Amino acid sequence: MPELPDVEYFRIYLDATSLHKTIDTVDVRAPRILEEVTEAQLRSVLAGRSFQSTRRHGKYVCVEIDAGAEKWLVMHFGMTGRLAYFKDIGDDPKHGRLLIGFENGYFLAFVNQRKFGHIAVAGSPEAFAEAKGLGPDALSIGREDFVARLGKRRGSAKTTLMNQKVLAGIGNIYADEILFQTGVHPKTPVNALDEDMRERLHSVMEDVLHTAIAVMRRHEDFPESFLIPQRHEGGVCPLDGTPLETLELSGRKAYFCPEHQSHEGT
DNA sequence: AGTACCACCTGACGGC
DNA sequence: TGCCGTCAGGTGGTAC
């Protein structure tokens, strides 16, 4: 699930549930999700502290632990995941991999069925993004920077949009949506797109991400003009009902409209 | 630089 | 009902 809009929703959810509450307990149920931090270290970083604020960079949620302490909890959800805030420990969600207990008796769970997610501790969101080599966040990057970062890349439009080192936050679903709305075929090499088309990609990307955040990732709530509700076997182009086609790019499935997404991207 | 392929995990779903 | 292959919105490493 989690691409930028989903992760933004998790961030807002954490803000609404878990700020400014003293942390009592830290229960790591799947140690393999911890990245370069031990369970004991995580516990000592969190116990007795409280979450102060949140940030998001691409698909990562960063949570500030105490003000000005230069300690941030960083979460990535992999392909499956969410946060769950609940009161009774008997109601703990299935696949809760990290449970943080607060003094008010409530818990925040990092839910991650496939364990592809990660939990890390960093000095700051910027330091973490730098260490990971992440590009700028897809919702923060300006038009000129976006156009410049696409540069003269020869890779396909889709894999480039999904490359977290180019820009952070776009995954398989939203890459398909952005390319559909700009009329660009997923395999079009980036260096075949003229400047106008790159600028359009940027503005469509912003619109798509903002819309997705607004509908809180419920596919059925997307506008009918979007590809996403049709992104399944038998789906058709929302413009004129042309059956969608699929292709594989590095093992990821791309859905696209053969009528409205030309190779040239013009 | 770009792409393909595998690995990491778990569960849902369709076919037989 | 049960088994099996396939697929799922991510990322990192390797090999070419």
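Naming convention: chains lettered A, B, ... in sequence-line order (proteins, then strands); numbering from 1 in each chain. The figures that follow rest on heavy atoms only: side chains count, while hydrogens, waters and symmetry mates do not. Quick caveat: nothing in here was measured; it's all calculated off a predicted structure.
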Name the nucleic acid region contacted by A/H95, choosing base, sugar-phosphate or nothing; use a 4.0 angstrom heavy-atom cut-off, strictly under. sugar-phosphate
Within this structure, what is the CD-CD distance for the pair A/E177 and A/E3, rounded to the nearest 0.5 Å? 10.5 Å
Mind calculating the distance between CZ (A/R149) and P (B/dA1) to the nearest angstrom? 13 Å
If you measure from the Lys or Arg side-chain nitrogens to the Asp or Glu carboxylate oxygens, is any gap between A/E126 and A/R55 under 4.0 Å? yes
Using the rule side-chain hydrogen bond (donor to acceptor under 3.5 Å, both in side chains), only one of A/R56, A/H57, A/K59 pairs with A/D137; which is it? A/R56
Mind checking which stems touch DNA chain B? I mean at least 3 consecutive Watson-Crick or G-U pairs, both distances under 3.5 Å. B:2-8 with C:10-16, B:10-16 with C:2-8
Aromatic contact between A/F256 and A/F180, with the criterion being ring centroids under 6.0 Å apart: yes or no? no
So, do A/F116 and C/dT11 meet the stacking rule of ring centres under 5.5 Å and planes under 30°? no
Is a side-chain donor-acceptor pair under 3.5 Å present for A/E64 with A/S53? yes
Is the shortest side-chain N to carboxylate O distance from A/K132 to A/E35 below 4.0 Å? yes
Should the pair A/R231-A/D176 be classified as a salt bridge under the 4.0 Å nitrogen-to-oxygen rule? yes
Determine whether the aromatic ring centres of A/F51 and A/H20 lie less than 6.0 Å apart. no
Between B/dA1 atom C1' and A/L249 atom CG, what is the distance in whole Å? 16 Å
Selection from B/dG11, C/dG12, B/dG2 that lies nearest to any side-chain heavy atom of A/Y60: C/dG12
Check whether any side-chain N or O of A/K115 sits under 4.0 Å from OP1 or OP2 of B/dT10, and answer yes or no. yes
Can you tell me how far C1' of B/dG2 sits from NZ of A/K165, to the nearest Å? 14 Å
So, for A/F77 and A/F10, is the gap between ring centers shorter than 6.0 Å? yes
So, is A/S250 near the phosphate of B/dA4, with a side-chain N or O under 4.0 Å from OP1 or OP2? yes
Measure from the side chain of A/Y174, starting at C-beta and using heavy atoms only, and say which of C/dG9, B/dT10, B/dT3 lies closest. C/dG9
Should the pair A/D15-A/R11 be classified as a salt bridge under the 4.0 Å nitrogen-to-oxygen rule? yes
With nearest nucleotides of DNA chain C determined for A/K59 and A/R114 from heavy-atom distances, which residue corresponds to the more 5′ nucleotide? A/R114
For A/K158 and A/N172, does a side-chain donor sit closer than 3.5 Å to a side-chain acceptor? yes
Euclidean distance, atom CD of residue A/E233 to atom P of C/dT6 [Å, nearest integer]: 15 Å
Would you mind telling me which of C/dT11, C/dA8, B/dG2 lies closest to the side-chain atoms of A/K253? C/dA8
Please state how far atom NE2 in A/H118 lies from atom C1' in B/dC8, giving the value in whole angstrom units. 9 Å
Between P on B/dG2 and NZ on A/K152, what's the gap in Å once rounded to a whole number? 13 Å
Specify the residues of residues 72-80 of chain A, ordered by number, for which at least one heavy atom lies under 4.0 angstrom from an atom of DNA chain C. A/H76, A/G78, A/M79
If you measure from the P atom in B/dT10 to the same atom in C/dT1, how many Å do you get, rounded? 25 Å
Ionic contact status for A/D27 with A/R29, cut-off 4.0 Å: yes
Of all heavy-atom pairs linking A/A138 and A/L167, the shortest is CB-CD1, 3.9 Å
Length of the line joining A/N163:CG and B/dA1:P, which is rounded to integer Å: 11 Å
Contact under 4.0 Å: A/T159 side-chain N or O vs B/dT3 OP1/OP2: yes
Using atom CG of A/N191 as one end and atom P of B/dA1 as the other, report the distance to the nearest whole Å. 14 Å
Listed in order of residue number, which residues of residues 126-138 of chain A have a non-hydrogen atom at under 4.0 Å from DNA chain C? A/K132
